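The structure under discussion appears below in the form of structure tokens.
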Amino acid sequence: MNLLQSFKMAWRSIKGKRGRSVLTVLSIFIGIAAVMTIVSVMEGMQEYTRQQYAAMGSNKIDVSVYSWTYDEDGNNISKDYFPILEEYCKSLGDMVVGVTPNSRANGTVVYGTVNSANIEYKYDEETWELLQAPPQMYYASPQYSLVNEYEITRGRDLTYLDVEKYNQVCVLGSMAVKTFFGNVDPLGRELQINGNKFQVIGIYKQKATASSQGYQANQMDNVIILPYSARRLLGGSVDNQFQIKVSKSEYIKDVISRVGPYMRNFIPENAGSVDAYSQSTWQEYETEQLSMIGLVLGGIAAISLIVGGIGIMNIMLVSVTERTKEIGIRRAIGARRSSIVSQFLIEAGMLCGMGGIVGIIVGTIGSLVLGKLMYKIVIWPSPIVTLGTFAFSVALGLLFGSYPASKASKLQPVEALRAE
Amino acid sequence: MLIETKDIYKIYDEGKESEVRALNGVSLNIDKGEFVAIIGQSGSGKSTLMNMLGCLDVPTRGTYLLRGTDVKKLSDNELSKIRNKEIGFIFQQYNLIQSLTVQENVELPLIYQGVDASKRAEMARQALEKMGILDKAASRPTQLSGGQQQRVAIARAIATRPEIIMADEPTGALDSRTGADILGFLRQFNDDGTTVILITHDNSIAASADRRVRISDGLITEDTGTVGPVSYSGEDDAGSMRKPASAAHAPAPETLAAAPQTAEPTIPASNDKEVSEG
Ligand SMILES: Nc1ncnc2c1ncn2[C@@H]1O[C@H](COP(=O)(O)OP(=O)(O)O)[C@@H](O)[C@H]1O
Ligand SMILES: [Mg+2]
């Protein structure tokens with residue numbers, strides 16, 4: 001007996017017991033839909049996180065160097081660590097792409113009537129996208145854009161000369177441009193930072209894109225980048241935070257293990273600390289956390305699937321009992337045991353496959369709705385998840401259908417025929 | 001010998017208080033081409049014997065040789081194959097599958113044989129046509145009368161062109177006229193060379209067979225033996241001799257109530273006819 005024939009026959013008996021078939025499908029589609037939704041929302045979240053970190057730039061190492069050495073008057077007399085670090089990074093050659101301080105500069109920024117002290121946070125009501133916020137000022141080396149993957153769209157980037165000559169210049173991110181200048185061309189104009197004039201020499205291309213929105217990406221467009229030598233003018237202690245970008249992700253661990261111990265040579269024992277770590281470590285951690293949550297939720301959904309599967313088994317057992325006579329007839333006219341097994345297995349597989357299809361439809365809607373409601377992103381279940389879900393539901397039917405099917409096939413022809 | 005049983009027993013709940021000896025040592029030989037009626041009262045063990053002969057059941061003790069092969073030694077698949085290809089069953093309650101159409105019911109044994117779709121459909125149509133019920137091919141069994149359902153069941157039994165037909169009270173649920181039609185068909189199949197085993201509790205129905213085996217409490221009490229008709233069996237020229245007779249009443253199955261009379265010259269025992277009339 002060929003497979004097509006078996007499918008036809010199974011379809012026939014599914015149609016013959018329409019009401020029950022619908023109930024069977026219902027009993028598993030909820031579990032399937034739940035698993036589908038959870039898996040694809042988790043996938044969407046991981047992708048979202050990945051993009052967030054991608055916006056911040058990959059292959060980056062954060063280094064923080066703190067020491068607390070004070071003179072008699074209580075002033076911190078820590079060394080300026082950046083030249084040491086920069087020098088060391090040069091010695092690492094091709095492994096390092098760039099290095100920069102990454103310290104926040106504090107101060108009020110004023111242009112015309114716009115004052116950073118009065119700027120409020122504004123979000124898009126629908127997408128929760130950050131529209132406006134007080135700008136973030138950073139002390140930077142000329143390699144800042146290299147490390148953080150900024151691109152100059154207009155004007156020019158910081159140079160070593162700017163650092164050396166203590167030039168009062170700055171480069172702006174696209175959101176900062178909007179905040180202070182609106183539609184006015186900012187190039188050549190001067191911002192007042194703590195009362196000091198800083199000329200805008202360049203503008204970075206917008207980082208946030210349709211596919212990588214979110215707070216992180218928006219904040220990266222809301223920056224004012226100053227040469228680190230501007231610290232002399234604007235005040236504050238020495239740079240403690242640095243970023244190194246390596247050329248390949250394989251170098252991350254290597255560079256971390258070299259830079260940490262090297263910098264430790266320059267801080268007094270018991271009076272300072274050096275920390276070198278990578279954002280990708282955080283990303284891994286966060287992805288891991290998400291997977292854990294997904295696993296737990298998936299486990300709960302799997303239990304509902306098992307319950308559904310037991311329901312299928314129950315229904316198939318009833319079906320076998322009800323159709324004992326039919327099984328007897330089939331055996332009498334020559335059906336082998338294997339034909340009976342495949343008949344019931346295919347029936348169970350088809351029922352669950354149908355439950356799977358309904359579950360996939362509902363699960364897709366669930367992913368879209370949940371993605372929109374919770375994370376403001378569109379989550380289409382991936383083809384792998386969709387196919388996997390379908391295969392899984394059919395497998396569920398085969399698994400839970402196998403006991404009833406084997407029971408049906410073990411009926412003795414005479415005994416089965418005697419049934420009514 | 002086509003069928004050969006040696007001292008077979010079927011004992012339910014052996015050794016218990018509820019023990020039933022449905023078959024209590026039956027030895028029976030049936031040759032190819034015979035038309036045998038197995039007669040007995042209700043509960044005498046007729047169905048049990050037929051199930052045994054039809055490989056639907058296995059004896060508790062004793063041997064059953066089908067064409068010389070000990071059935072006990074055959075696997076479940078081999079038994080399925082025998083039921084599928086060599087035996088056509090007809091039951092009192094028709095035993096059609098309600099969820100399938102008439103056509104599909106008749107195709108079912110061919111499906112299990114692996115016959116391809118177009119050939120299968122053609123063979124099923126031929127069988128239905130032979131039973132004069134081709135016009136009902138698309139109907140469901142429940143839409144048919146008892147007589148029509150039994151014709152479908154017979155069509156299913158002959159669709160595979162089996163060597164043996166086993167009918168367990170095939171007319172039991174039918175009125176006498178319809179029943180006579182059915183017996184006419186059995187006679188016709190036998191005329192065409194098929195071995196027919198007919199189970200009945202009714203002497204008048206048994207009269208349409210060439211040989212009658214009486215069974216009582218699981219034991220054979222009487223066997224008219226293979227008088228006369230056995231000489232026809234399997235013999236080609238004898239078969240062709242009988243063919244004109246069957247051809248004569250085949251085209252008009254509705255008139256087959258008269259079949260026993262038409263067939264009279266071929267049945268030596270003339271008192272059979274009187275019994276069937278009674
Ligand atoms: N599965 C069974 N369990 C116990 N007793 C049975 C079973 N099948 C048949 N019998 C008994 O065996 C005897 C013969 O039954 P059966 O062959 O059906 O008789 P018949 O067909 O001649 O009416 C009866 O007494 C019946 O009750
Ligand atoms: Mg009986």
Side-chain angles (χ1 to χ4, degrees), chain A residues 1-21 315-316 318-344 346-347 350-351 405-420, chain B residues 10 12 22 47-52 54-59 75-101 104-117 120 140-142 153 155-160 162 166 168:
Chain A
M1 187 154 109
N2 67 39
L3 214 58
L4 181 72
Q5 203 56 47
S6 313
F7 275 105
K8 272 192 190 163
M9 236 183 255
W11 178 240
R12 186 53 68 76
S13 48
I14 287 171
K15 263 197 345 198
K17 286 261 183 266
R18 203 159 305 181
R20 174 188 298 172
S21 302
I315 286 166
M316 293 308 291
V318 171
S319 177
V320 167
T321 310
E322 268 189 6
R323 284 153 68 188
T324 304
K325 179 90 176 182
E326 178 190 325
I327 295 164
I329 296 169
R330 286 176 185 270
R331 293 283 276 138
I333 62 176
R336 294 171 168 215
R337 284 206 167 121
S338 55
S339 310
I340 302 292
V341 168
S342 66
Q343 182 189 339
F344 280 91
I346 287 171
E347 220 176 294
M350 267 173 95
L351 276 172
S406 114
K407 206 178 160 200
S409 78
K410 289 204 176 101
L411 287 168
Q412 288 301 321
V414 231
E415 305 291 334
L417 268 176
R418 204 177 281 128
E420 255 329 306
Chain B
K10 182 69 189 183
Y12 294 105
S47 297
T48 308
L49 180 58
M50 190 197 86
N51 292 338
M52 218 63 75
C55 299
L56 289 165
D57 204 353
V58 283
S75 70
D76 192 79
N77 277 352
E78 286 167 324
L79 292 176
S80 297
K81 198 169 166 185
I82 288 173
R83 292 195 297 266
N84 187 214
K85 293 200 161 162
E86 302 186 23
I87 303 172
F89 290 100
I90 304 168
F91 301 95
Q92 181 174 356
Q93 292 305 329
Y94 328 126
N95 283 355
L96 298 173
I97 295 174
Q98 306 298 330
S99 59
L100 303 179
T101 64
E104 288 164 337
N105 264 288
V106 178
E107 281 188 32
L108 205 52
L110 298 165
I111 288 175
Y112 289 127
Q113 272 187 19
V115 178
D116 66 63
R120 188 168 80 208
R140 296 280 161 146
T142 44
R156 180 180 64 189
I158 63 168
T160 56
M166 298 189 181
D168 190 353

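Letters go in sequence order (proteins before strands), and every chain restarts at 1. Predicted model only: the values in this text are computed from it and were never measured.
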Quiz item: Can you tell which of A/Arg336, A/Arg330, A/Arg337 makes a side-chain contact (heavy atoms from CB on, under 4.5 Å) with B/Ser80?
Solution: A/Arg336

Quiz prompt | B/Ile87 versus chain A, the contacting section by heavy-atom distance below 4.5 Å | solution = neither

Quiz item: Rounded to the nearest 0.5 Å, what separation is found between the CD1 atom of A/Ile329 and the CD1 atom of B/Ile97?
Solution: 5.0 Å

Self-check item: Interatomic spacing from CZ in A/Arg323 to OG in B/Ser99 - rounded to 0.5 Å
Solution: 7.0 Å

Quiz item: Who among A/Ser13, A/Ala332, A/Ser338 has the most heavy-atom pairs with chain B under 4.5 Å?
Solution: A/Ala332

Self-check item: Interatomic spacing from CG in B/Asn105 to CD1 in A/Ile333 - rounded to 0.5 Å
Solution: 7.5 Å

Quiz item: By a 4.5 Å heavy-atom criterion (distance strictly below it), what part of B/Asn51 contacts chain A: side chain, backbone, both, or neither?
Solution: side chain

Quiz item: Hey, what do you get for CE (A/Met9) to CD (B/Glu104), rounding to the nearest 0.5 Å?
Solution: 8.0 Å

Quiz item: How close do A/Gly334 and B/Tyr112 get, heavy atom to heavy atom, and via which atoms?
Solution: O-CB, 4.0 Å

Practice problem: Name the member of A/Ala335, A/Pro413, A/Ala416 that forms the most heavy-atom pairs with chain B at distances under 4.5 Å. | Solution: A/Ala335

Quiz item: How many angstroms lie between atom CZ of A/Arg331 and atom CG of B/Asp76, to the nearest 0.5 angstrom?
Solution: 4.5 Å

Quiz item: A/Leu417 versus chain B, heavy atoms under 4.5 Å apart: side chain, backbone, both or neither?
Solution: side chain

Practice problem: Identify which part of A/Lys325 has an atom lying under 4.5 Å from any heavy atom of chain B, answering side chain, backbone, both or neither. | Solution: side chain

